[in-house]
Amino acid sequence: MDIAAFLLATAIAHAGFAVFVTAHARLTGQPAGNWPYITLALGLAGLAGYFFYDEIDGSI
């Protein structure tokens, strides 16, 4: 595979994932926080973090 084609496909996928995170947060009324930016930079890792990260609020 050509490296330029790979990098272009990766950039398009990361941008699509970031748009999905933003749209999901807006539709569900959740704050997106920094997850769209993290997803844009890290791709699937950011997408997984958005869905599975539970912030500890410290109110025990």
Side-chain angles (χ1 to χ4, degrees):
M1 175 184 267
D2 182 29
I3 189 71
F6 173 77
L7 292 175
L8 179 63
T10 300
I12 291 170
H14 286 208
F17 292 150
V19 168
F20 175 77
V21 166
T22 303
H24 182 271
R26 186 169 298 215
L27 289 172
T28 59
Q30 298 181 50
N34 289 327
W35 288 111
Y37 305 115
I38 295 168
T39 303
L40 188 60
L42 301 176
L44 284 174
L47 189 65
Y50 169 74
F51 281 108
F52 298 114
Y53 178 75
D54 288 327
E55 188 173 327
I56 299 171
D57 63 4
S59 60
I60 297 178

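Below, all heavy atoms of this structure are taken into account, side chains as well, without hydrogens, waters or symmetry copies.
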Can you tell me how far the [atom1] atom of [X] sits from the [atom2] atom of [Y], to the nearest 0.5 Å?
X: Ile38; Y: His14; atom1: CD1; atom2: NE2; answer: 13.5 Å
X: Leu8; Y: Ile3; atom1: CG; atom2: CD1; answer: 11.5 Å
X: Phe17; Y: Leu40; atom1: CZ; atom2: CG; answer: 11.5 Å

Should the ring pair Tyr50 and His24 be called parallel, tilted or perpendicular, given that the plane angle runs from 0 to 90° and is split at 30 and 60?
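Geometry flag for His24 against Tyr50: perpendicular rings.
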Phe6 CZ: over 12 foreign heavy atoms closer than 6.0 Å
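No, CZ of Phe6 has 12 or fewer neighbouring heavy atoms, counting only those of other groups under 6.0 Å.
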Do Trp35 and Val19 share a hydrophobic cluster, counting only Ile, Leu, Val, Met, Phe, Trp and Tyr and linking them when any side-chain heavy atoms are less than 4.5 Å apart?
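Looking at the clustering, Val19 is in a separate group from Trp35.
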Under a 4.5 Å side-chain heavy-atom rule over Ile, Leu, Val, Met, Phe, Trp and Tyr, are Leu42 and Phe51 clustered together?
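Cluster IDs for Leu42 and Phe51 match.
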Between Ala25 and Pro31, what is the shortest heavy-atom contact and its length?
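So the two residues come closest at CB-C, 4.4 Å.
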Give me the atom names and distance for the closest heavy-atom approach of Ala18 to Thr39.
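Result for this residue pair: N-CG2, 3.7 Å.
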